[in-house]
Protein chains: 2
Amino acid sequence: MENAQLSHGCDLLLPDCTEGGSPCFKAPQVTGVRVQLEMQALWQQFDQLGTEMIVTKAGRRMFPSFQVYISGLDPAADYVLLMDFIPVDDKRYRYAFHSSSWLVAGRADVATPGRMHFHPDSPARGAQWMKQTVSFDALKLTNNLLDDNGHVSVSQMILNSMHRYQPRFHVVYVDPGQDSQLHPHRNFCSFIFPETRFIAVTAYQNHRITQLKIASNPFAKGFRNTDPEDW
Amino acid sequence: MENAQLSHGCDLLLPDCTEGGSPCFKAPQVTGVRVQLEMQALWQQFDQLGTEMIVTKAGRRMFPSFQVYISGLDPAADYVLLMDFIPVDDKRYRYAFHSSSWLVAGRADVATPGRMHFHPDSPARGAQWMKQTVSFDALKLTNNLLDDNGHVSVSQMILNSMHRYQPRFHVVYVDPGQDSQLHPHRNFCSFIFPETRFIAVTAYQNHRITQLKIASNPFAKGFRNTDPEDW
DNA sequence: GTTTTAACACCTAGGTGTTAAGCT
DNA sequence: AGCTTAACACCTAGGTGTTAAAAC
């Protein structure tokens, strides 16, 4: 197993989850789920510099985009896949250009309602989700509570600029049974990849982040230098 | 019901379908299905001129694209949606420029294997299919049996140039039961919209078709005349 | 002579960081 | 001073008919 990549798994027993005094087990459809982050090396490169993600009123895609390879699902069962973003702490940050570092600038602003982003193909069979990489590239980050039409858009995740966030990924088994109440169990699995943490910004602060975005995002090719000494 | 548009329905009894001597009924999940062709007026405009669709080696999209609005599905049941193209006759055609009309040029060439095009979202719930127009815009027409990589591509429909075709649309109910063998019934519905017939070509023959494509397809805007007298 | 192919200019549609102006 | 916004040039990605050459 030389070139093997670490993939996250889902534990069978959840000690913190009890119902009626007895421990609560996960549904068999989610016990063996394994999730692997795509473009992990690139995520780590950004993370080492302190990843920044632009938020705009109209909504901005993430780069790198959140993509996972999933295995261990029940091919015939239905699943909903979704993402959310949780605050890493209750702080507000600002960037000190002279020292090229992030400083705490006070307590967090009032948290926006924690919205869930359903993958647009949800719900779908395990077989469908596993046959190729699942991409959340329709997801957009915004600092606006309403879209241009004054409506909430399902693909827009509302974040506070200058706050730090951790993306989370959830696999939810859709139980077709009517008697699922009688057999309580957790029907979902959550996954956190620490290297996907980022600070939301309205404009890039760290020049190294800007340069790495330009170097790695095909849509920013127009800003690349032919100069080979830059990186 | 003034502005009502005719929609196609699925008959309950299929007289031509018998099993064990008794008539074969449709599964209840497909008996009430109604399908309405989108952009019907545009399709009819093309049909009156004699619709032509380009086929290329790499695959060419249809214009207009085949889009339908579906109702009457069981919201909770699973369906597969697919299309195929059947030869209208066993003839080969050629275009007579002097008379601006299509002439029979002999018997049809050997028919290509009649491939089925599954809508990429298949299978999905009735509720998913009904909530918005279903578009087959990923479908491409080709005159090549293999794609660039030497593989068959699922989105490519193989057609013979200079032959006439009729698109068909099928709604297939995915029966989850294991005992479906014991209760034989037709689990699908087919729909034919005569105005979607066309002749496959490698280059447009009728100039009026070319002009109508240019006038109505946004991607051909570069060829539009500012001259208002053209159409 | 008829049909097919491949390169091409010109579009649609939309994702980038830049920049200057505006906001607080 | 710090942060946000909107217009912008410049890309990616890919769908058009045109055209001239090639194929049959």
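The sequence lines fix the lettering, A, B, ..., with proteins before strands; numbering per chain opens at 1.
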Nearest to the side chain of B/Tyr204, heavy atoms from C-beta on, is which of D/dG15, D/dG17, D/dG2?
D/dG17
Between B/Glu195 and B/Gln40, do the side chains contain an N or O donor and an N or O acceptor separated by less than 3.5 Å?
yes
Output the rounded distance in Å from CZ (A/Arg92) to C1' (D/dT4).
11 Å
Between B/Arg115 and B/Asp84, is there a side-chain N and carboxylate O pair less than 4.0 Å apart?
no
Whichever of A/Arg60 and B/Tyr93 has its nearest DNA chain C nucleotide further upstream toward 5'
B/Tyr93
Which label fits B/Trp43 and B/Phe66: parallel for a plane angle under 30°, tilted from 30 to 60°, or perpendicular past 60°?
perpendicular
Distance under 6.0 Å and angle within 45° of the ring axis: does B/Lys213 meet both against B/Phe46?
yes
Residue whose nearest DNA chain C nucleotide is more 5′ - B/Thr202 or A/Thr210
B/Thr202
Please report the distance, rounded to the nearest Å, between CD in A/Glu52 and P in C/dT18.
12 Å
Nearest-Å distance, NZ (A/Lys57) to P (D/dA6)?
4 Å
Pair A/Phe97 and A/Tyr95, ring centroids less than 6.0 Å apart
yes
What is the distance, rounded to the nearest whole Å, between atom CD of A/Gln205 and atom P of D/dA1?
16 Å
Along DNA chain D (nearest heavy atom to each residue), the more 5'-positioned of B/Ala203 and B/Asn217:
B/Asn217
Atom CG of B/Leu103 and atom C1' of C/dG1 are separated, to the nearest Å, by 15 Å
Would you mind telling me which of C/dG17, D/dC11, C/dT12 lies closest to the side-chain atoms of B/Lys221?
C/dT12
Value in whole Å for how far the C1' atom of D/dC3 lies from CG of A/Asn143:
11 Å
A/Ile54 side chain: which of D/dG17, C/dG17, C/dT3 is closest?
C/dG17
Are OP1 or OP2 of D/dT5 and a side-chain N or O of A/Thr56 less than 4.0 angstrom apart?
no
Using whole Å, report how far CZ of B/Arg61 lies from P of D/dG15.
6 Å
CZ of A/Arg224 versus C1' of D/dA9: gap in Å, rounded?
17 Å
